[in-house]
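The structure appears below as structure tokens.
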Amino acid sequence: MKTIYKLEGKKISKKALIEKMGAERVKRMTEEAWETTMEDPYISNDFMTGSGMLNISFEG
């Protein structure tokens, strides 16, 4: 399963996201998004951050 990160509607790599927000925060948000996706795959996983709106989705 591929994880896709979008910050303010533009794709961003996990490495760049970790540089902006920190590894622990990215890990926590990704785990939360995964749990939500497993419960209901049609829910949008959006998080408000200091850098803007972050969307985490899964593909494959």
Side-chain angles (χ1 to χ4, degrees):
M1 189 74 56
K2 183 176 179 180
T3 307
I4 300 168
Y5 299 98
K6 290 185 180 179
L7 186 60
E8 290 296 310
K10 295 183 180 182
K11 279 181 132 180
I12 185 170
S13 68
K14 184 175 183 179
K15 183 178 178 182
L17 194 59
I18 288 172
E19 288 176 9
K20 282 184 175 268
M21 301 173 151
E24 186 59 38
R25 189 171 180 200
V26 171
K27 180 181 177 189
R28 187 176 63 244
M29 287 189 291
T30 304
E31 288 173 355
E32 185 178 327
W34 177 252
E35 289 173 11
T36 304
T37 299
M38 290 295 102
E39 290 173 15
D40 185 354
Y42 297 107
I43 292 178
S44 180
N45 295 300
D46 295 326
F47 300 90
M48 191 63 195
T49 67
S51 303
M53 186 66 75
L54 174 67
N55 176 274
I56 302 174
S57 58
F58 301 94
E59 179 180 282

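Because only heavy atoms are used, hydrogens play no part in the values below, and waters and symmetry mates are left out as well, while side chains stay in.
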message = As an exercise, state the distance from CZ of Arg28 to OG1 of Thr30, rounded to the nearest 0.5 Å.
response = 10.5 Å
query = Mind checking whether Met53 and Met48 have side chains closer than 4.5 Å, heavy atoms only?
reply = yes
inquiry  = What's the separation between atom CG in Leu7 and atom CD1 in Ile56, rounded to the nearest 0.5 Å?
reply    = 10.5 Å
note = Shortest non-hydrogen pair, Met29 vs Met21, comes out as CE-SD, 3.7 Å
note = Distance col, row Lys20:NZ vs Tyr5:OH, nearest 0.5 angstrom, shows 15.0 Å
task = For residues 36-59, pull every pair meeting ring pair (Phe, Tyr, Trp, His ring centres under 6.0 Å), keeping only residues two or more places apart or in separate chains.
result = Trp34-Phe58
ask   = Of all residues at least two apart in sequence or in a different chain, which pass the side chain to side chain donor-acceptor pair (under 3.5 Å) check with Ser44?
value = Asp46, Asn55
All side-chain contact (heavy atoms from CB on, under 4.5 Å) counterparts of Ile18, not counting sequence neighbours = Lys14, Ala23, Val26
query = Once you round to the nearest 0.5 Å, how far does CD of Glu32 lie from CG of Asn45?
reply = 8.0 Å
query = When you look at Arg25 and Thr49, which way does the side chain to side chain contact (heavy atoms under 4.5 Å, CB included) test go after all the steps?
reply = CA-CA 10 Å; Arg25 189 171 180 200; Thr49 67; 3.9 Å; yes
